[in-house]
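Data first, discussion second: the structure below is written as structure tokens.
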Protein chains: 2
Amino acid sequence: MRQIKHPTIEQVELTDIMYALADPTRLEIVILLAQAGKKLTCGEINLNRPKSSMSHHFKILRSAGLVETLIEGTEHMNSLRLEEVESKFPGVLSAVLKAATKD
Amino acid sequence: MRQIKHPTIEQVELTDIMYALADPTRLEIVILLAQAGKKLTCGEINLNRPKSSMSHHFKILRSAGLVETLIEGTEHMNSLRLEEVESKFPGVLSAVLKAATKD
DNA sequence: TCTATAGTTCTATTATATTCGAACAATAGT
DNA sequence: ACTATTGTTCGAATATAATAGAACTATAGA
């Protein structure tokens, strides 16, 4: 069961995170993962876009260090790397999540 | 003395701010303004780039609601809209600034 | 082995951003 | 009025990103 490679938290740059969160679709994915508080498959995050588009956004979220994807069978289980990101960039992701969900 | 138009803080979107801060040059400008703690002219923010490039980045920072530019004579005095941005998106900009300057 | 499912990768298209020289605009000083 | 200074705007080249259909991969189950 080959797994996807992720960057270590040390390798993650702040501007990567900013860039990843600057796209409304990706911010929405991050919000849904945060609100779910558990692993979600790509299919459970339905934003009415083709699979290839969603896959593209997940790839960017992964390379930014925001999302971890574990392969379980045919499904890809996604979760937010909240604690890790918070420990490297304290307050950044949590403040963005609060700001994005406060309405 | 005609002044530049800025968005009100209500008009500013979170993704605009994320987008503006995702560019290393613009993040650097924001950091310099924060560290200066006072108004700086474009010329004082020397990142070794042509005027037209810097002007472009300032325009994006302004439209994102991050920077206010007041024209005084031939100079354009720039300042961070830190308090306003903090009040609309608490913790976001301050956390980014801390994360970006902590090394 | 055949089929269905879940996502990725490939490829091309289109859209958006960055960069920067050159021309321009506004002001200040002489 | 002329000149220098400061920064913007224009325009064009280049680079990067978003979108999505089609082909592909990997696993699970019958």
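Every heavy atom of this structure was used, including side-chain atoms; hydrogens, water molecules and symmetry mates were not. The structure displayed is predicted, hence computed values, not measured ones. In what follows, chains carry the letters A, B, and so on, assigned in the order in which the sequence lines appear, proteins first and then strands, with residues in each chain numbered from 1.
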Quiz item: Between the side chains of B/Arg62 and B/His6, does any donor sit under 3.5 Å from an acceptor?
Solution: no
Quiz item: Distance-only, no hydrogens or angles: does the B/Lys39 side chain make a donor-acceptor pair with backbone N or O of B/Glu68 under 3.5 Å?
Solution: no
Quiz item: If only atom types and distance count, is the side chain of A/Asn78 paired as donor or acceptor with the main-chain N or O of A/Leu40 below 3.5 Å?
Solution: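 Judged by distance alone, yes, a pair lies under 3.5 Å.
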Practice problem: Measure the CE-CG distance between A/Met54 and A/Leu61 for me, rounded to the nearest 0.5 Å. | Solution: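 Answer for the CE-CG pair, A/Met54 versus A/Leu61, is 9.0 Å.
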Quiz item: Which value, rounded to the nearest 0.5 Å, describes the distance between B/Ile17 atom CD1 and B/Leu66 atom CG?
Solution: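 Rounded to the nearest 0.5 Å, the CD1-CG separation comes out at 5.0 Å.
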Practice problem: Output, in order, the C-alpha distance, side-chain angles, deciding distance and verdict of side chain to side chain contact (heavy atoms under 4.5 Å, CB included) for B/Glu86 and B/Ser94. | Solution: CA-CA 7 Å; B/Glu86 279 291 296; B/Ser94 56; 3.1 Å; yes
Using nucleotides 1-5 of chain D, report all nitrogen or oxygen pairs with the protein that are shorter than 3.5 Å.
none

Does a nitrogen or oxygen in the side chain of [X] sit under 4.0 Å from OP1 or OP2 of [N]?
{"X": "B/His57", "N": "C/dT19", "value": "yes"}
{"X": "A/Arg26", "N": "D/dA18", "value": "yes"}
{"X": "B/Arg62", "N": "D/dT8", "value": "yes"}
{"X": "A/Tyr19", "N": "D/dT16", "value": "no"}
{"X": "A/Lys59", "N": "C/dG7", "value": "no"}

Quiz item: Can you find an N or O donor on one side and an acceptor on the other, under 3.5 Å apart, linking the side chain of A/Ser52 with the base of D/dG21?
Solution: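 It does, because a donor-acceptor pair links the side chain of A/Ser52 to the base of D/dG21 below 3.5 Å.
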Quiz prompt | Shortest side-chain distance from B/Ser55, nucleotide among D/dT8, C/dC20, C/dT8 | solution =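 Looking only at side-chain atoms, B/Ser55 lies closest to D/dT8.
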Quiz prompt | Closest to side chain of A/Ile60, choosing from C/dG21, D/dA18, C/dA6 | solution = D/dA18
Quiz item: So what does A/His56 hit on the nucleic acid, given a heavy-atom distance under 4.0 Å: a base, only sugar-phosphate, or nothing?
Solution: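 Here A/His56 touches the bases of the nucleic acid.
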Quiz item: Using a cut-off of 4.0 Å on non-hydrogen atoms, how would the nucleic acid contact of B/Thr25 be classed: base, sugar-phosphate, or nothing?
Solution: nothing
Quiz item: Can you tell me how far P of D/dT27 sits from CD1 of A/Ile71, to the nearest Å?
Solution: 8 Å
